[in-house]
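Residue numbering restarts at 1 for every chain, and letters A, B, ... go by the order of the sequence lines. Only a predicted model underlies this, so the values are computations on that prediction, with no experimental measurement involved.
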Amino acid sequence: MRWTRPGILGGLLVGPPNHEVTGMAYGDVGVELGARVAGALRRGLGVEITPAEAVIRPSTRPGADYQCNAAMALAKKLGTPPRQVAQAIVDNLDSADLVAGTEVAGPGFVNLKLSDGWLAARAAALLADDRLGVDSAAEPRRFALDYSSPNVAKEMHVGHLRSSIIGDAVLRLLRFAGHEVTPHNHLGDWGTPFGMLIEHLVDEGWTPGGGHTISDLNGFYQAARVKFDADPAFADRARARVVRLQSGDEPTLALWQQLVDESTRHFEGVYATLGIQLTRDDLYGESFYNPLLDDTVSDLEGKGLTRVSDGAVCVFPPGFTNREGEPLPLIVRKSDGGYGYAATDLATVRYWAGERGMTDLLYVVGTPQAQHFAMVFAASRQAGYLTDGHTAVHIGFGSILGEDGKTIRTRAGGSVKLAELLAEAVDNAAKIVAERSAQDAAAQAEVARAVGIGAVKYADLSNDREKDYVFTWSRMLATEGNTSVYLQYANARCHSVLTKSGTTPDPATEVLLGTEQERALALALVRLPAAVDAAVAGYAPHKLCAYLFEAATTFTAFYDACPILKEDVPAELRASRLALVAATSRVLTLGLGLLGIEAPHVL
RNA sequence: GCCCCUGUAGCUCAGCGGAUAGAGCAGGAGCCUUCUAAGCUCUUGGCCGCAGGUUCGAGUCCUGCCAGGGGCACCA
């Protein structure tokens with residue numbers, strides 16, 4: 001069977017008029033189609049499958065919007081030829097409202113074409129829906145999300161970029177999906193270097209009273225380090241200072257707190273520039289967990305999970321071996337009595353799952369830490385800190401590499417400070433904005449910021465986070481192709497047309513899909529929920545990026561082919577197209593927002 | 001030595017066991033008396049590292065090689 005062509009070629013109205021929108025199911029169209037296919041199989045062949053087992057996929061074939069790949073797999077189980085199963089699906093499909101055409105093709109594919117009436121109604125309904133068709137989680141969970149994790153007395157560098165950007169996108173995605181998310185920033189604010197740093201503060205004339213600032217955090221750290229290595233007397237003072245810090249000496253703690261505050265101001269500046277949502281209240285540094293470590297180790301000991309090895313208290317979670325094939329330890333207390341990061345991370349699990357009642361623990365940390373987290377999670381399950389009701393996920397990400405395949409460096413060859421990298425991105429954007437924008441200087445500066453920061457974020461988020469990613473300055477700052485600017489530009493064009501129209505599209509506007517570009521755009525808009533679901537499920541922002549780029553290119557093709565405000569465009573068609581434009585803008589703005597990228601109305 | 005990750009167009013990357021593997025950039029040819037050309041249309045370019053296997057069907061799953069990266073006891 002060939003597709004019946006429901007549209008009037010060259011005409012305005014397609015699909016059944018007066019199509020009923022009521023009772024429309026939102027969410028992923030593929031899931032809806034899967035449910036219909038499942039129903040068809042139940043009626044036709046008495047087979048029970050889930051919507052997911054219907055294997056509905058978007059189709060790239062001309063004339064098909066989706067395809068169902070279930071028949072081939074079922075054929076074997078049922079002892080029925082696959083094309084016959086496929087035909088049974090087609091014959092029993094109860095979807096006149098939703099599907100306009102079906103076709104059995106190849107070995108047993110069922111091609112599905114959505115009805116234009118349904119698609120038009122669904123696209124029109126987007127305007128009235130704040131969530132643009134995306135379902136809210138049926139069973140919201142409680143997430144604790146660890147990301148960014150800079151160090152006190154060190155400037156944030158490019159190594160913190162991915163954790164910050166990815167973590168923030170995951171935060172926004174999960175919250176939008178209807179979950180409760182508590183971010184926590186695992187600040188490196190404790191340990192032996194702080195004796196050295198505090199002594200250096202004292203030498204610099206700092207007093208517990210406060211009022212001091214550090215203009216160059218890295219310089220401060222390096223100066224302390226140099227003194228520590230060169231001056232034995234200073235080194236002794238530093239060691240003594242660590243003891244006082246650990247024992248809770250008040251003046252020492254006051255100085256330490258000032259150092260933390262000073263560093264926090266720096267982080268807040270970077271977060272503000274980057275548009276990262278972390279605040280002071282989200283700081284849960286190593287110092288926060290420090291008082292919990294004794295008890296955590298005691299607890300592990302009490303549960304009989306520890307063994308002393310070479311003077312260190314260790315947990316040996318099953319399944320991990322070292323290079324000699326012996327069990328690999330998680331060292332919870334070092335032989336010198338101190339604690340390492342294994343103890344701290346076990347304490348984080350115990351705190352967030354136990355004390356705070358979180359169901360899902362997420363750690364946005366580089367992939368080299370994969371084994372460490374696997375061991376921490378395994379040990380946490382042994383200790384009962386994590387139960388069957390908990391999930392713990394290491395959201396790993398690859399390294400940022402330069403063009404030479406090595407760790408990224410500045411053009412001069414130094415390590416890249418985040419603040420400088422972001423400033424360069426904004427400066428670069430500002431040059432391009434200045435060439436093109438007719439806005440005043442203040443507005444241009446805002447646009448440059450949105451564009452420059454967006455470029456940095458999108459360059460990161462649009463790649464599969466688990467892989468290393470090579471970035472080059474030219475690509476990160478690029479303003480053409482698959483970049484955030486392309487999405488922002490498409491959105492700005494939407495706003496330009498909407499503004500010029502002098503109207504606000506009414507959610508009740510009837511959407512007409514008379515051209516292939518209009519239909520393609522409606523279809524793209526309706527696919528947002530599937531993209532968001534996929535990005536959330538896999539903590540995979542790049543899946544949302546891919547969708548948004550697809551939606552934007554589809555819009556641009558529509559924009560190119562379908563005049564809207566030209567004089568010869570009939571009023572109903574103009575209204576319909578404006579509704580599509582408005583919906584497109586909403587989708588792009590929401591999508592970019594979930595990535596933490598701004599969507600200015602004017603570029 | 002063991003474990004993990006990666007290998008897809010010249011470059012950077014998508015690709016969910018399904019049909020003829022897709023984008024962007026770079027290369028080639030066109031498109032502005034403008035609803036924003038930061039754009040659009042057309043086009044060149046592939047032994048999906050190699051070899052087996054499983055399957056009706058493999059870039060995708062399994063095994064073995066090759067190449068690159070990472071991890072493997074007191075730094076975090």
*Just compare B/A14, B/G24, B/A76 and give me whichever is closest to any side-chain atom of A/N482.*
B/G24

*Would you say B/U36 has OP1 or OP2 under 4.0 Å from some side-chain N or O of A/S496?*
yes

*For A/F109 and B/A19, say yes or no: do the ring centres fall under 5.5 Å of each other while the ring planes differ by less than 30°?*
yes

*asked:* Output the rounded distance in Å from CZ (A/R57) to C1' (B/G15).
replied: 12 Å

*asked:* From the set B/G7, B/A37, B/G18, return the single nucleotide nearest to any side-chain atom of A/K467.
replied: B/G7

*Ring centroid separation for A/W352 and A/Y284, is it under 6.0 angstrom?*
yes

*What does A/Y339 touch in the nucleic acid at a heavy-atom separation under 4.0 angstrom: a base, only the sugar-phosphate, or nothing?*
sugar-phosphate

*Across all strands shown, which nucleotide pairs with B/G24 by Watson-Crick or G-U wobble geometry, both distances under 3.5 Å?*
B/C11

*Verify the stacking flag for A/Y489 against B/A38: centroid separation must be under 5.5 angstrom and the ring planes must differ by under 30 degrees.*
no

*Is there a donor on the side chain of A/N111 or the base of B/A19 sitting less than 3.5 Å from an acceptor on the other?*
yes

*Quote, to the nearest angstrom, the C1' distance that separates B/A76 from B/G57.*
48 Å

*Looking across every strand, which nucleic acid part, if any, lies under 4.0 Å from A/L328 by heavy atom: base, sugar-phosphate, or nothing?*
sugar-phosphate

_Just to be sure I understand the rule, does A/C562 reach a base, reach only the sugar-phosphate, or reach nothing, if contact means heavy atoms closer than 4.0 Å?_
base

*Looking across every strand, which nucleic acid part, if any, lies under 4.0 Å from A/Q67 by heavy atom: base, sugar-phosphate, or nothing?*
base

*Paired with B/U36: which nucleotide, if any, by Watson-Crick or G-U wobble criteria at under 3.5 Å for both distances?*
none

*Send over the distance from A/Y486 OH to B/U36 P, rounded to a whole Å.*
16 Å

_By nearest atom, which of the nucleotides B/A37, B/A14, B/A23 is closest to the A/F549 side chain?_
B/A23

*Using 4.0 Å as the upper bound for N to carboxylate O, is an ion pair formed by A/R225 and A/D229?*
yes

_What's the gap between B/C25 and B/U43 when it is taken at their P atoms, as a whole Å value?_
16 Å

*Would you kindly compare A/M72 and A/V447 by the position of their nearest RNA chain B nucleotide and give the one closer to the 5′ end?*
A/M72

*Sugar-phosphate, base or nothing in reach of A/D310, heavy atoms under 4.0 Å*: base

*Do other residues, nucleotides or ligands put more than 12 heavy atoms under 6.0 Å from the CD atom of A/E516?*
no

_Same-atom distance (C1') from B/A58 to B/G18, integer angstrom_ = 10 Å

_Syn-anti status, with the boundary at 90° from 0, for the nucleotide B/C32_ = syn

*Looking only at atom types and distance, does a side-chain atom of A/S164 sit under 3.5 Å from a main-chain N or O of A/H160, one as donor and one as acceptor?*
yes

*Just checking A/S59: base, sugar-phosphate only, or nothing, at a heavy-atom cut-off of under 4.0 Å?*
nothing

*Whole-Å distance between B/G71 C1' and A/F373 CZ?*
14 Å

*Has A/Y547 got a side-chain N or O lying under 4.0 Å from the OP1 or OP2 atom of B/A23?*
no

*Between atom NE2 in A/H372 and atom P in B/A73, what is the gap in whole Å?*
14 Å

*Specify the residue among A/N322 and A/N69 whose closest nucleotide of RNA chain B lies further upstream toward the 5′ end.*
A/N69

_Counting the atoms with a prime plus P, OP1 and OP2 as sugar-phosphate, which does A/H601 contact under 4.0 Å by heavy atoms, base, sugar-phosphate, or nothing?_
base

*asked:* Mind checking if A/D464 touches a base, just sugar-phosphate, or nothing, with heavy atoms under 4.0 Å?
replied: sugar-phosphate

*Report the C-alpha distance between A/H186 and A/Y289 in whole Å, list the side-chain angles of each, state the deciding distance to 0.1 Å, and finish with yes or no for ring-ring contact (aromatic ring centres under 6.0 Å, His included).*
CA-CA 10 Å; A/H186 197 104; A/Y289 300 104; 5.4 Å; yes

*Which nucleotide, B/G18, B/A73, B/A38, lies nearest any side-chain atom of A/L603?*
B/A38

*asked:* Heavy atoms only, 4.0 Å cut-off, all strands: where does A/R61 land among base, sugar-phosphate and nothing?
replied: base

*When the C1' atoms of B/G46 and B/A21 are considered, how many whole Å apart are they?*
9 Å

*asked:* Taking the cut-offs as 6.0 angstrom to the six-membered ring centre and 45 degrees off its axis, would you call A/R465 and A/Y539 a cation-pi pair?
replied: no

_Nearest-angstrom distance, P atom, B/U63 to B/C3_ = 11 Å

*Can you find a side chain N or O atom of A/R493 that sits less than 4.0 Å from OP1 or OP2 on B/A37?*
yes

_Heavy atoms only, 4.0 Å cut-off, all strands: where does A/Y469 land among base, sugar-phosphate and nothing?_
sugar-phosphate

*Give one of base, sugar-phosphate or nothing for A/Q369, where a contact means two heavy atoms less than 4.0 Å apart.*
base

*Given atom CZ of A/F397 and atom C1' of B/C5, what is their separation to the nearest angstrom?*
15 Å

_Same-atom distance (C1') from B/C16 to B/U12, integer angstrom_ = 23 Å

*C1'-based separation of B/A29 from B/C13 [nearest Å]*: 26 Å

*Taking atom C1' in both B/G53 and B/U20, compute the distance separating them and give it to the nearest angstrom.*
26 Å

*Give A/I432 one of three labels, base, sugar-phosphate or nothing, depending on what nucleic acid heavy atoms sit under 4.0 Å from its own.*
base

*Roughly, in whole Å, what's the span from NZ in A/K77 to P in B/U55?*
18 Å

_Cation-pi check, A/R527 onto A/Y66 ring (under 6.0 Å, within 45° of axis)_ = yes

*Test item: A/R307 side-chain N/O and A/F316 main-chain N/O as donor-acceptor pair under 3.5 Å*: no

*Whole angstrom is fine here: how far is it from OH in A/Y289 over to C1' in B/A76?*
15 Å

_Let's see if you can work this out: which of B/G71, B/U41, B/C16 has an atom nearest to the side-chain heavy atoms of A/A557?_
B/U41

*Side chain of A/T556 (C-beta onward), nearest among B/G70, B/C16, B/G39*: B/G39

_Protein-nucleotide distance (A/L548, atom CG; B/C13, atom P), rounded to Å_ = 20 Å

*Which nucleotide in the list B/A14, B/G39, B/C35 gets nearest to the side chain of A/H542?*
B/A14

*Consider the side chain of A/E480, meaning its heavy atoms from C-beta on, and name the nucleotide among B/G71, B/G39, B/C35 that approaches it most closely.*
B/G39

*Indicate, with a heavy-atom threshold strictly under 4.0 Å, whether A/G325 touches base, sugar-phosphate, or nothing.*
nothing

*Salt-bridge present (A/K457, A/E598; N to O < 4.0 Å)*: no

*Would you indicate what A/V485 reaches in the nucleic acid, counting non-hydrogen atoms under 4.0 angstrom: base, sugar-phosphate, or nothing?*
base

*Where the side chain of A/R436 is defined as all heavy atoms beyond and including C-beta, which of B/C35, B/G1, B/A37 is the nearest nucleotide?*
B/A37

*Return the nearest nucleotide to the side chain of A/I564; candidates are B/A38, B/C35, B/A19.*
B/C35

*Can A/K113 and A/D65 be counted as an ion pair, charged N to O under 4.0 angstrom?*
no

